[in-house]
Structure formats: structure tokens, C-alpha cells
Number of protein chains: 2
Amino acid sequence: MRNSKQKDIILRALDEHKIHPTADELYQYIHKEHAEIGVATVYRNLNKFAEKGIIRKIVGLDGSSHFDSCLEPHYHFICSCCGKIYDIPMNIGKDLIAKAEEFTDCKITSMDITFRGLCRKCEDEHNGNFVFDEKETEMLLTASMS
Amino acid sequence: MRNSKQKDIILRALDEHKIHPTADELYQYIHKEHAEIGVATVYRNLNKFAEKGIIRKIVGLDGSSHFDSCLEPHYHFICSCCGKIYDIPMNIGKDLIAKAEEFTDCKITSMDITFRGLCRKCEDEHNGNFVFDEKETEMLLTASMS
DNA sequence: ATGATAATGATAATAATTATCATTATGGGA
DNA sequence: TCCCATAATGATAATTATTATCATTATCAT
């Protein structure tokens, strides 16, 4: 993999974002400063980085791809209401993997744990009105603000 | 939610499939016997069932939505090579959730655990040639068969 | 410096899912 | 049992995110 100005900019932009942006969100951000960089380049490189293990790709509740520059072992909390992804810097023992292998003949090499619930903001905003759909939620939030 | 002939057929078709099909896969299957049922109806109802908690929606490695008629507590193994999803009927204690809540101020209500690795078939077929990309894999498999 | 080739960017293409809307089916009440 | 408000359906248009194409440019080993 060759170096490029674009790769540097994309990696730096991701590092500046602790909110696990999608490729498109990151593109929008980069575009402000570097309008010369195309969408394809952002998508292409983020996926390439993830493949090489330089960054992590995480899948949101709605199937959208988010990227995480932190490689340290940690897990995520996804708000069922707004879809935002937060870090949970917990280190979970490998014994779960060993235990899981008793239930299958597949070779397990890693595990993903995602916690779900309501983030503080959403809990406050419409106290406990549990919603799965992001769009529905957006409407709810907008409505409650007006 | 009203009953309908279509809802029955969709639920029954999902029950018959233990492989966690996508909405489209299920539509293709249903279409053979019931050409009168439209795609929109299948997508619509599967999502509605998942919202109501009648079935489960699980997100594949590539962000695709799969559906699972089994509500019993169990986890999944996704093959990094072929993308197939297998059940792991293990029951994991709720203490992980309590532990995770120490690292966040979010209210955690559930957790998703997905194990990854190579399924037997993929391990045998190209012994240990670890590939993330499904399409790349498809090519590999095709190539090794000819 | 040079050349093979990897990377880029504009844009076309794809694929999965959702919205629209006219038509049909459901089920509670008279 | 029939009525009817309205939920559900199905054909298809629209949307959205992502990927493929390809001519041009940049990188880096020699």
C-alpha cells in the first residue's frame, strides 16, 4: 500500500472524531477543508484500512458502517433511540470464547459485544419512550422541541 | 396489528429457515409458492415483527439484515469467510451488563454478542486462508473448485 | 530520473430498502 | 350479518449508500 496525501488526511480526520463516524460523515467533514478529495477515495481507503487492521469497522443498528480509529480492546454502547455509538473501555476475558466453542465446531477467533439501551440525552429528552426507528425518533425529538 | 394471509405465510417461511435469511432471501423462497405476495409486504412485515419483538433482526458482517424466528436467549457465530450465521445456544449471565454499566452513564437494557471465525466448511475448503471480503472469498472458492 | 503500477476523482452503476398510492381485506360495532 | 373506517397489500417509483469504471496523476523501487 502506497502512501498518499489523501490517506494521511483521512486517517487524521478519523482520529479527530471520537464519535465513530460513517464514511459519508467523514467525507462531509473532510470536504470542507479539502474539496479536492473525492467520496470514492474516502470510502476506498476507510475500507482498506479496516481490512489491513489499521482501524476498526463497526456496524450500527441500522446496518450502517462506522469507523473507529481506536484499536485497544473495548466495546460499544449503541443508543436504541438516536443510534449514537459510545465507547465502553471494558476488557472482557477470553474465557467467553472458549466457552462458546463448546457449543459449535467452528473455530472462533474473536467476538464482538455491543450493548444497547438509552443514552442519557435520549432518556432525558423523552423520558423512557423507547423507540427503535431512527427516523421516527428524529420526528419525536423535533416535535418535542417545538 | 391486523392478521393477514401474507403475515402467516411470512412467519411460517421464516420458521422453516434455520439459516437466518435476509428479507430478500425469504422473499425469493416465498415467491416460488406464492407469486402474488410482493417484496414490499415481506420487507414491511419482517421489520414490523422485529419491532414488535415477535422475531429478531440481526445484522451481518456486511451490514445486511437477517431475521431469526428464535427468541430464546442465544448468540451467533458469523463466518468471516462465507458470511453464514450459525446459532450458539449459550446463555450468558446478565452480570456482564452490570459490569458494563460501570463504564458508562447510559442505561443498558440488552447486549449482543457475535462470535467470529471460520466455519468448518470454509476451514476445510481453503485450509486457513483467512479472508474478510465475501466477494473475494467467492472468487477464491470458485477458483479452487476448477 | 524513469517507468511500472497503485491511487485518485468524477461519475455511472448497482443493490438493498423504503415511500407512494390506488386497491383490497380485516374486524369491531350496529 | 352487513357496514365501514382504516390497516394491509402490491406494483412500482424513489431513495440511499456504496461500489465499479476508467482516464489521469502520483508514488517509489531501481
Side-chain angles (χ1 to χ4, degrees), chain A residues 1-14 20-52 54-55 57-67 83 85 131-139, chain B residues 1-14 20-52 54-55 57-67 83 132-139:
Chain A
M1 188 165 67
R2 288 181 185 171
N3 288 334
S4 76
K5 189 189 75 172
Q6 291 87 341
K7 288 200 179 93
D8 290 346
I9 290 168
I10 291 168
L11 270 184
R12 202 172 317 126
L14 184 61
H20 315 301
T22 62
D24 191 66
E25 284 166 351
L26 207 58
Y27 167 72
Q28 299 299 337
Y29 173 77
I30 289 170
H31 188 79
K32 289 177 203 154
E33 294 276 310
H34 302 278
E36 76 276 10
I37 295 180
V39 246
T41 303
V42 176
Y43 274 85
R44 208 164 19 208
N45 281 320
L46 286 174
N47 282 317
K48 195 170 291 176
F49 293 153
E51 263 175 52
K52 301 268 179 200
I54 295 167
I55 65 174
K57 187 177 193 169
I58 52 187
V59 180
L61 276 190
D62 56 349
S64 57
S65 294
H66 297 245
F67 295 89
I85 302 175
V131 192
F132 266 106
D133 188 302
E134 281 187 44
K135 276 164 202 159
E136 216 173 282
T137 303
E138 218 166 77
M139 286 165 57
Chain B
M1 189 165 67
R2 287 183 186 169
N3 288 334
S4 76
K5 189 188 76 172
Q6 290 87 341
K7 288 199 179 95
D8 289 346
I9 290 168
I10 292 167
L11 270 183
R12 202 170 320 128
L14 184 61
H20 314 302
T22 62
D24 192 64
E25 285 166 352
L26 207 58
Y27 167 71
Q28 299 300 336
Y29 173 77
I30 289 172
H31 188 78
K32 287 176 205 155
E33 294 277 310
H34 301 278
E36 75 277 10
I37 294 180
V39 245
T41 302
V42 176
Y43 275 85
R44 211 164 15 208
N45 282 320
L46 286 173
N47 282 318
K48 196 170 290 177
F49 293 153
E51 264 175 53
K52 302 268 178 198
I54 296 168
I55 64 174
K57 187 178 192 168
I58 52 186
V59 180
L61 276 189
D62 56 349
S64 57
S65 294
H66 297 244
F67 295 89
F132 265 105
D133 189 303
E134 281 186 45
K135 277 165 203 156
E136 217 172 283
T137 303
E138 218 166 77
M139 286 164 58

_Nucleotide paired to dT1(D) in any strand shown, Watson-Crick or G-U, under 3.5 Å_ = dA30(C)
Check the interface with nucleotides 15-18 of chain D: list each N/O to N/O pair with the protein under 3.5 Å, or write none.
residue	atom	partner	partner atom	Å
dT18(D)	OP2	Y43(A)	OH	2.7

*Can you tell me how far C1' of dT27(D) sits from CG of N45(A), to the nearest Å?*
14 Å
*asked:* At less than 3.5 Å, do the side-chain atoms of R2(B) and the base atoms of dT6(D) form a donor-acceptor pair?
replied: yes
*Quickly work out the M1(A) CE to dA29(D) P distance and round it to whole Å.*
14 Å
*Kindly compute the distance separating NZ (K5(B)) from CD1 (I10(B)), expressed to the nearest 0.5 Å.*
11.0 Å
*asked:* When you measure from the side-chain N and O atoms of S4(A) to the phosphate of dT27(D), is any distance below 4.0 Å, counting only OP1 and OP2?
replied: no
*Reckon K48(A) has a side-chain N or O less than 4.0 Å from the OP1 or OP2 of dA7(C)?*
yes
*Measure the distance from CD on E36(B) to P on dA11(D) and round it to the nearest whole Å.*
9 Å
*Could you walk me through whether I54(A) and M1(A) pass the side chain to side chain contact (heavy atoms under 4.5 Å, CB included) test, one step at a time?*
CA-CA 12 Å; I54(A) 295 167; M1(A) 188 165 67; 3.9 Å; yes
*Under a 3.5 Å limit for both distances, which nucleotide forms a Watson-Crick or G-U wobble pair with dT25(D), could you say?*
dA6(C)
*Integer-rounded Å distance: dT8(C) C1' and D8(A) CG*: 14 Å
*asked:* Pick the closest DNA chain C nucleotide for K57(B) and for V42(A) by heavy atoms, then say which residue is nearer the 5' end.
replied: V42(A)
*Contact check, side chains of L26(A) and Y43(A), non-hydrogen atoms, under 4.5 Å*: no
_Between N3(A) and dA6(C), is there a contact of a side-chain N or O with OP1 or OP2 at under 4.0 Å?_
no
*asked:* What is the distance, to the nearest angstrom, from the OH atom on Y27(B) to the C1' atom on dT12(D)?
replied: 12 Å
*asked:* Please determine whether a side-chain nitrogen or oxygen atom of K5(A) lies at a distance below 4.0 Å from atom OP1 or OP2 of dA26(D).
replied: no
*Once you round it to whole Å, what is the distance between P of dT18(C) and CD of E51(B)?*
10 Å
*Taking only side-chain nitrogens and oxygens of Q6(B), does any of them come within less than 4.0 Å of OP1 or OP2 of dA25(C)?*
no
*Taking atom CD of E36(B) as the centre, report whether more than 12 heavy atoms of other residues, nucleotides or ligands fall under 6.0 Å from it.*
yes
*Could you check L11(A) against F49(A) for side chain to side chain contact (heavy atoms under 4.5 Å, CB included), going step by step and ending with a plain yes or no?*
CA-CA 9 Å; L11(A) 270 184; F49(A) 293 153; 3.6 Å; yes
*Are side-chain N/O atoms of D24(A) and T22(A) paired as donor and acceptor at under 3.5 Å?*
no
*Looking for any heavy atom pair under 4.0 Å, which part of the strands does T41(B) touch: base, sugar-phosphate only, or nothing?*
base
*Atom CG of L46(A) and atom P of dA7(C): how far apart are they, to the nearest Å?*
15 Å
*Let me know the distance between CD of Q28(B) and P of dA15(C), rounded to the nearest Å.*
13 Å
*So, H20(B) side chain and H66(B) main chain: donor-acceptor pair closer than 3.5 Å or not?*
no
*What's the shortest heavy-atom distance between A50(A) and K57(A), and which atoms?*
CB-CB, 4.0 Å
